[in-house]
Amino acid sequence: MSTDDLVERGGGPVLITGGAGFIGCNIADCLAGEGHEVLVYDSLSRPGVETNLAWLKERHPGRISSIVADIRDEDELARAAREAKAVFHMAAQVAVTTSLADPREDFQINLQGTFNLLDALRLKGDRTPLVFASTNKVYGDLGDIDFRLEGERYVPADAGVAAHGISEQRPLDFHTPYGCSKGAADQYVLDYARSFQVPTAVIRMSCIYGRRQMGTEDQGWVAHFLIRALEGEPITLYGDGNQVRDILDVSNAVEAYLNAWQRIERISGRAFNLGGGPANAVSLRELLGYMSQLLGRDIDVRFSDWRAGDQRYFVADTRLARRELELSGSIPWKQGVAELARWLAQHRGLEPAAPPVLLAEAAQ
């Protein structure tokens with residue numbers, strides 16, 4: 001089933017909670033471009049996301065509507081869900097550091113907010129599908145996996161993990177309040193498919209980057225690194241910088257979410273790991289080295305202590321998602337990072353100062 005078929009079925013707008021956020025607004029842009037009506041539900045509490053909402057409404061007049069409200073507002077959320085033909089639940093408290101500073105708010109947003117949305121769909125009773133944005137943090141710090149240091153990156157000693165990454169068969173192990181709130185929400189989403197026949201799917205994301213990302217030190221770190229580097233500001237690495245992540249361009253993430261919706265009857269009640277996979281695995285040091293090449297200058301890098309729950313390595317085993325969601329190939333990380341750097345330079349008014357190597361890389 002294509003999204004064109006889903007347009008023909010009608011049934012109201014697609015509801016995107018957190019729809020003004022980075023991934024949410026990219027999903028909204030794609031859906032509106034394919035002819036869907038989209039309802040963006042967002043508190044606009046994250047600095048900069050109001051520009052994403054304005055961008056959506058300018059690009060898709062008449063197709064994008066919005067409700068500025070908090071995910072914790074049970075009545076407003078239920079009203080938004082009432083007419084939706086599908087839901088992408090992206091709204092969340094997204095930072096481990098914030099969850100440690102205020103675990104109650106983290107719980108209320110990530111778990112209670114998700115529960116409110118799920119129960120609104122249950123009471124609605126028409127099997128409205130929901131696709132949920134979960135996280136690789138549901139697997140804990142992976143402290144039981146042995147690693148060796150090769151150059152500037154950690155590599156798993158286990159050959160299978162090194163070749164394919166962390167699969168969905170990995171036991172759940174919630175660390176930090178953020179891991180607990182997102183992990184518990186993840187499990188509620190899966191159980192509502194099992195217990196109440198609400199069609200749901202869970203996407204456990206690794207590191208997503210790309211256009212419209214307003215990165216900060218606590219979340220959206222690829223964009224944060226680029227913003228700091230472009231503006232000549234120092235970058236702090238927590239730990240030794242050899243930790244590895246598989247990074248995925250947001251266009252590939254959007255494809256996964258839309259494909260999950262298209263196949264929801266077949267995949268309902270299942271979770272999928274999503275990231276760049278082994279081909280797009282890079283350490284923080286390696287990524288900064290590439291950014292330095294793009295900008296044609298050294299980057300001021302500083303170090304601080306490891307942060308709670310930080311994984312020395314996370315690379316998603318994407319074989320299940322690629323097979324069941326029928327995903328296309330991922331954008332190579334160097335190409336995607338160069339494109340993001342180019343967009344950030346333009347978006348922040350730094351384009352005239354962008355070095356020739358950056359412009360050339362982004363044009364490839």
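What you see below is based on every heavy atom in this structure, not just the backbone, and it leaves out hydrogens, waters and symmetry mates.
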When you check the side-chain N and O atoms of Asn52 and Arg212, is any donor under 3.5 Å from an acceptor?
yes

So do Ile227 and Arg348 actually touch side chain to side chain, heavy atoms under 4.5 Å?
yes

Whether Phe115 and Tyr192 hold their rings parallel, tilted or perpendicular, with breakpoints at 30° and 60°:
perpendicular

Tell me whether Leu111 shares a hydrophobic cluster with Val198, the cluster being built from Ile, Leu, Val, Met, Phe, Trp, Tyr side chains joined at under 4.5 Å.
yes

Looking only at heavy atoms, which two atoms of Leu56 and Ala28 are closest? And how far apart?
CD1-CB, 3.9 Å

Salt bridge (charged side-chain N to carboxylate O under 4.0 Å, His left out) evaluation trace for Glu76 with Arg79
CA-CA 5 Å; Glu76 192 67 42; Arg79 281 192 288 272; 2.9 Å; yes

Under a 4.0 Å N-O cut-off, is there an ion pair linking Asp310 with Arg307?
no

Is it true that Thr216 and His224 share a donor-acceptor pair across their side chains at a distance under 3.5 Å?
no

Would you say the side chain of Arg127 lies within less than 4.5 Å of the side chain of Glu265, judging by non-hydrogen atoms?
yes

What I want to check is whether the side chains of Asp106 and Gln93 have a donor and an acceptor closer together than 3.5 Å.
yes

Glu324 and side chain to side chain donor-acceptor pair (under 3.5 Å): which partner among Arg263, Arg266, Arg319?
Arg266

Establish, from distance only, whether the side-chain atoms of Asp246 and Tyr313 form a donor-acceptor pair under 3.5 Å.
no

When every non-hydrogen atom of Ser43 is compared with those of Asp70, the smallest separation belongs to CB-CA, 4.1 Å

Let me check something: do Val68 and Ile16 share a hydrophobic cluster, defined by ILVMFWY side-chain heavy atoms less than 4.5 Å apart, either directly or through other members?
yes

Just by distance, with hydrogens left out, do Asn110 and Ser181 show a side-chain donor and acceptor under 3.5 Å apart?
yes

Tyr290-Trp333 aromatic ring centre distance below 6.0 Å:
yes

Between SG on residue Cys30 and OH on residue Tyr257, distance to nearest 0.5 Å:
14.0 Å

So is Arg312 actually on top of Phe147's ring, under 6.0 Å and inside 45° of the axis?
no

Taking atom types as modelled and ignoring hydrogens, do the side chains of Ser330 and Arg322 form a donor-acceptor contact shorter than 3.5 angstrom?
yes

Indicate whether the side chain of Lys57 and that of Ser66 have a donor and an acceptor atom separated by less than 3.5 Å.
yes

Do His36 and Trp261 make the cut of ring centroids closer than 6.0 angstrom?
yes

Of all heavy-atom pairs linking Glu83 and Lys124, the shortest is C-NZ, 4.1 Å

Gap between atom CD of Glu168 and atom CG of Asp317 - 0.5 Å precision:
6.5 Å

Do Arg285 and Gln243 pair up side chain to side chain, a donor and an acceptor below 3.5 Å, judged on atom types alone?
no

Within 45° cone and under 6.0 Å: Arg170 NZ/CZ vs Tyr139 ring:
no

